[in-house]
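Encoded as structure tokens, here's the structure I'll be asking about.
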Amino acid sequence: TAPYTTELQYLVIAGGGGGSTNTNGSGGGGAGGYRSSVPGASSGGGASAESTTPVSGGSPYPITVGAGGAGGAAGAVNVGTTGSDSVLGTPSSITSAGGGGARWSYSPAGNAAGGSGGGGGYTSAGGAGTANQGYDGGAAKYADGQKAGGGGGGAGAVGVSASGTSEQGFDGGVGVASSITGSPVVRAGGGGGGSVGDVPSVHFTDGAGGSGGGGPGGRYDPSNPTGPYVGNGGTNLGGGGGGNTTWAGGVADKAGTGG
């Protein structure tokens, strides 16, 4: 008797990227790539649902769940690590790209590319997202009196780029909702950027993580050195980690790890 074959609906999300550390605005990590075949739902990057994939009974299909990328190590300037890919090993394998690790000014832009792009730190642009999986990360700004980190890209929207003159971190891009488990859950939000850290006595506004597991940005405060002022990406949601900014002469704690 031939094995029974049916069409599989899937949701494959990669690990989110880690946030960066910097002295003048730190970037949020990008969300993990988001691919869905649930009818009527969306994939990342504004794409429609993909086609379902055929599977047969009695055939093993390996699954790889990508881990979140590490946040930038404690110190003045360290980039986030890109998240790991997730793979559904059906006959035509489905791969979602790990979220981009957040940048600082002199790190290669390609290192921040991923399922969704990592946010920029200091003066850098955000990384590029992957088509049909996620959006670009937001740019940082160091001009016009502003020192601010960009938000990581999310599956549902770009990370917010620094603008204006306020000394703050900017928000991560939002994720995408899916009801594949029964109730709608938002997943794959980008990490928030960290605010300026060169005025120890003042705590500026930090970037919020994008809905769907994006970690909030933050900064080291010498008056409360144990924090916490930075957040990891949501567990099993593929969110990006928050950026963490130090103050001049100080040392930031590590940035948030991707979910």
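Not measured: the values here are computed from a predicted model. Residue numbers count from 1 along this sequence.
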- Main-chain N/O of Gly27 paired to Ser20 side chain as donor or acceptor, under 3.5 Å: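 It does hold such a pair.
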- Go through the steps to decide whether Thr52 and Leu8 satisfy the test side-chain contact (heavy atoms from CB on, under 4.5 Å), and finish with yes or no. CA-CA 5 Å; Thr52 55; Leu8 177 70; 5.9 Å; no
- Would you name the heavy atoms of Pro54 and Pro91 that are closest together and state the gap between them?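 In this case the closest contact between Pro54 and Pro91 is O-CD, 3.8 Å.
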- Message: I need the Ser96 OG to Leu11 CG distance, nearest 0.5 Å.
- Response: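 With rounding to 0.5 Å, OG (Ser96) is 8.0 Å from CG (Leu11).
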- Query: Is the backbone N or O of Gly98 less than 3.5 Å from a side-chain atom of Asp85, with the two atoms forming a donor-acceptor pair by type?
  - Reply: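 It does hold such a pair.
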- Might you point out which heavy atoms bring Thr123 and Ala140 nearest each other, and give the distance in Å?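 Between these two residues, the closest heavy atoms are N-CB, 4.3 Å.
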- Between the side chain of Ser116 and the main-chain N/O of Gly30, is any donor-acceptor distance below 3.5 Å?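 Checked: no pair found.
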- Message: Show every side-chain hydrogen bond (donor to acceptor under 3.5 Å, both in side chains) that has at least one partner inside residues 25-45, sequence neighbours left out.
- Response: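 For residues 25-45, and leaving out neighbouring residues, the side-chain hydrogen bond (donor to acceptor under 3.5 Å, both in side chains) pairs sorted by first residue read Ser26-Thr245, Arg35-Glu50.
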- For Tyr135 and Val174, indicate whether the former's side chain and the latter's backbone hold a donor-acceptor pair under 3.5 Å.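 No, because the side chain of Tyr135 does not come within donor-acceptor range (under 3.5 Å) of the backbone of Val174.
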- Where do Ala31 and Gly154 come nearest, in terms of heavy atoms and distance?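 It is CB-CA, 4.0 Å.
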- Message: For a quick test of reading the model, state the closest non-hydrogen atom pair linking Gly138 to Ser161 and the distance between them.
- Response: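 Scanning both residues completely, I find the closest heavy atoms to be CA-OG, 3.5 Å.
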- Task: Write down the atom of Gly33, the atom of Gln133, and the distance for their closest heavy-atom approach.
- Result: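 Of all heavy-atom pairs spanning Gly33 and Gln133, the closest is CA-OE1, 3.5 Å.
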- Message: Would you compute the distance between atom CD1 of Ile180 and atom CZ of Arg187 and round it to the nearest 0.5 angstrom?
- Response: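 It is 7.5 Å, given to the nearest 0.5 Å.
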- Message: Restricting to non-hydrogen atoms, name the atom on Val160 and the atom on Phe170 that form the minimum distance, rounded to 0.1 Å.
- Response: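 Val160 and Phe170 have their closest heavy atoms at O-CB, 3.4 Å.
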- Query: Is there a donor-acceptor contact under 3.5 Å from the side chain of Arg103 to the main chain of Ala125?
  - Reply: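 Judged by distance alone, yes, a pair lies under 3.5 Å.
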- Output the distance between atom OG (Ser86) and atom CD1 (Ile94), rounded to the nearest 0.5 Å.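 If we round to the nearest 0.5 Å, Ser86:OG and Ile94:CD1 are 12.5 Å apart.
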- Task: Could you tell me the separation between the CG atom of Asn236 and the CD1 atom of Ile13, rounded to the nearest 0.5 Å?
- Result: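 Separation between the atoms: 9.5 Å.
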- Query: Do Asp206 side-chain atoms and Gly169 backbone N/O form a donor-acceptor pair below 3.5 Å?
  - Reply: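 Judged by distance alone, no pair lies under 3.5 Å.
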- Query: With the 4.5 Å side-chain cut-off for hydrophobic clustering, are Leu88 and Val55 part of the same group?
  - Reply: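 Hydrophobic grouping puts Leu88 with Val55.
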- Message: Between Thr21 (side chain only) and Asn78 (backbone N and O only), is there a donor and an acceptor less than 3.5 Å apart?
- Response: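 Yes; at least one donor-acceptor contact below 3.5 Å.
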- Item | Asn232 side chain vs Thr257 backbone, donor-acceptor pair below 3.5 Å |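 Such a contact is found between Asn232 side chain and Thr257 backbone.
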- Message: Starting from Ile63, can I reach Tyr61 by hopping between I/L/V/M/F/W/Y residues whose side chains sit under 4.5 Å apart?
- Response: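 Looking at the clustering, Ile63 is in the same group as Tyr61.
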